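Single-structure report; data block below.
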There are 2 protein chains.
Amino acid sequence: MYIEHIVKAMTNNPLLKSAAVEKSSHLEYFNIAVSVDCVIFGYEDKELKVLLIQSDLEEFSGLYSLLGDLVKPDEDLDAASYRVLKDRTGLDDVFLQQVHTFGSVNRHPSGRVVSTAYYSLVDINSHKLNIDSNDLHWHAVKGIKKLAFDHKQIIDTCIKMLREQIMEHPVVHNLLPEKFSLRALQELYEAILGTPLDRRNFRKKIALKSWLSELDELEEDVTHRPGKLHKFKTKAVKSAVSKKG
Amino acid sequence: MYIEHIVKAMTNNPLLKSAAVEKSSHLEYFNIAVSVDCVIFGYEDKELKVLLIQSDLEEFSGLYSLLGDLVKPDEDLDAASYRVLKDRTGLDDVFLQQVHTFGSVNRHPSGRVVSTAYYSLVDINSHKLNIDSNDLHWHAVKGIKKLAFDHKQIIDTCIKMLREQIMEHPVVHNLLPEKFSLRALQELYEAILGTPLDRRNFRKKIALKSWLSELDELEEDVTHRPGKLHKFKTKAVKSAVSKKG
DNA sequence: TCAAAAGTGTTTTTCTTACACCCATGA
DNA sequence: TCATGGGTGTAAGAAAAACACTTTTGA
């Protein structure tokens with residue numbers, strides 16, 4: 001169920017309208033809906049992408065929006081973001097990072113919705129990935145200009161936080177296959193940061209983090225000298241998921 | 001009006017109860033209240049302090065809590081935090097930083113409340129400061145052990161963010177009188193960071209920021225060699241307030 | 001003249017950046 | 001043998017940390 005549907009239904013609901021007219025001083029405090037929006041990043045063709053859905057609000061016809069939903073009364077805020085991710089992608093072993101809460105009165109045309117933004121990083125080519133709708137598409141972040149609601153601003157805020165976090169914590173581990181070359185990792189970092197990196201300095205910096213273990217395997221199907229494959233240490237990844245340690 | 005009062009009133013409201021029992025699938029999404037909690041920091045006696053209020057919820061009798069309130073339906077989230085600050089302290093020229101949104105189902109004993117935490121820094125000795133209630137008191141952060149709700153965790157989260165921000169932006173300007181010595185500034189930083197700093201390195205670092213202008217005045221009423229007084233440049237402070245630039 | 005803090009520079013270490021050559025592989 | 005990226009080390013510069021002595025003031 002899309003957030004737009006629900007909110008539209010709510011604001012069209014005569015029961016609710018009359019309650020609003022009543023302006024019961026207690027009830028009116030419940031006239032704010034709480035939602036989560038998930039900025040689900042992926043990585044493909046050396047580009048950072050984000051999973052968007054065609055908006056079905058009239059006001060935003062032709063525009064895309066983030067994946068979100070209203071938070072259920074008996075559901076933790078964080079749990080709501082996991083649910084959205086799970087329902088939309090089938091993935092459930094992914095970390096979500098709360099970024100910011102957007103609460104302007106007029107950010108949603110159909111009613112008052114305060115929304116907490118989370119970002120997540122998933123493997124576009126994971127066999128577990130199971131996108132639930134034809135309306136869902138991966139969009140290159142660089143090409144995104146206008147989105148429904150304030151979702152462009154939400155993405156920008158999330159990218160900013162993502163950029164701050166990738167050098168501190170191995171959060172990107174889901175964006176690559178299990179085994180990858182250092183070049184692939186560097187290209188990923190360059191895509192996220194939007195800037196080229198020096199190869200030797202990058203390798204030094206990554207080596208210092210001790211996030212990776214080097215395998216006794218080489219790249220295959222490359223037309224040049226194959227690089228050694230690496231993988232993220234389970235330990236490093238677990239601490240990234242739980243507390244970015 | 002305290003948030004506790006409102007929520008208590010709401011959960012005791014028979015109108016609301018029946019609505020909840022009805023479980024109208026639309027209405028139930030409004031059963032989440034949205035609030036803000038303000039972590040208002042001050043500085044006195046070389047200690048970082050925070051403004052707390054005695055909780056009047058039975059469940060938390062004897063405990064203190066943060067200043068917060070429900071967000072009004074026609075009020076921006078940020079505006080709600082400014083309103084709480086203004087109503088409680090009389091101050092309105094202060095910057096507030098959103099930190100995190102806390103949304104566990106059971107964080108509030110009387111009902112579902114999702115709360116966005118903000119921190120702010122105010123001058124305890126400002127003549128504008130006008131604390132509106134005898135239940136409000138400044139508490140040394142170091143001595144705080146247990147608070148109502150999850151407010152201890154909220155404070156800890158805000159302190160962490162504050163510590164990250166003070167070296168990047170001149171956010172602390174409200175914690176000192178207009179004119180102050182570099183020693184006073186350093187003691188403030190030490191109180192916030194909880195660690196001693198090297199005097200020469202601290203001065204070098206602050207000088208590089210170009211936040212301060214040196215005045216042709218000296219400290220008075222000190223029993224030792226008086227230091228030069230400084231003040232924050234209006235420019236630096238304004239950019240800190242608006243976008244921490 | 002003493003106590004207390006002001007004021008000030010240099011050295012060391014650490015981190016960051018810039019930079020170039022030979023190597024292994026497949027086409 | 002060529003094109004492509006793999007793999008590696010060092011020197012210079014910038015930032016951070018450690019560290020001590022002289023000066024000014026009031027008591």
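Every chain is numbered from 1, with letters handed out A, B, ... down the list of sequences. All values below come from the heavy atoms of this structure, side chains included, with hydrogens, waters and symmetry mates left out. Because the structure is predicted, anything quoted here is derived from the model rather than measured.
Salt bridge annotation for B/Lys160-B/Asp156: absent, with no cationic side-chain nitrogen under 4.0 angstrom from a carboxylate oxygen.
The side chain to side chain contact (heavy atoms under 4.5 Å, CB included) with B/Leu96 is formed by just one residue from the set B/Val36, B/Leu85, B/Val39; it is B/Leu85.
A heavy atom closer than 4.0 Å to some atom of DNA chain D occurs in no member of residues 186-197 of chain B.
Looking at heavy atoms from C-beta onward, A/Leu229 lies in side-chain contact with A/Glu219 at the 4.5 angstrom threshold.
Under the 30°/60° scheme for interplanar angles, the aromatic rings of B/Phe95 and B/Tyr119 are found to stand perpendicular.
The distance from atom CE of A/Met167 to atom C1' of C/dC15 is 13 Å, rounded to the nearest whole Å. B/Arg203 places its CZ atom 12 Å from the P atom of C/dG9, with the value rounded to the nearest Å.
Nucleotides of DNA chain D that come within less than 4.0 Å of any heavy atom of chain B span, from the 5' end to the 3' end, D/dA17 to D/dA27.
For the residue pair A/Ile144 and A/Val50, the shortest heavy atom distance occurs at CD1-CG1, 3.3 Å.
Qualifying ring-ring contact (aromatic ring centres under 6.0 Å, His included) partners for B/His224, counting only residues two or more places apart in sequence or in other chains: none. Under the ring-ring contact (aromatic ring centres under 6.0 Å, His included) criterion, A/His230 pairs with no residue at all, not counting sequence neighbours. When the salt bridge (Lys or Arg N to Asp or Glu O under 4.0 Å) test is applied to B/Lys46, the partners found at least two apart in sequence or on another chain are B/Glu187.
In terms of modelled atom types and a separation under 3.5 Å, the side chain of A/Arg163 and the main chain of A/Ile192 share a donor-acceptor contact. At distances below 3.5 Å, not a single donor-acceptor pair connects side-chain atoms of B/Thr89 with backbone N or O atoms of B/Asn130.
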Requested in this report: Take nucleotides 18-27 of chain C nucleotide by nucleotide from the 5' end and write B, S or -, depending on whether a protein heavy atom sits under 4.0 Å from the base, only from the sugar-phosphate, or from neither.
Outcome: BBB--BBBSS
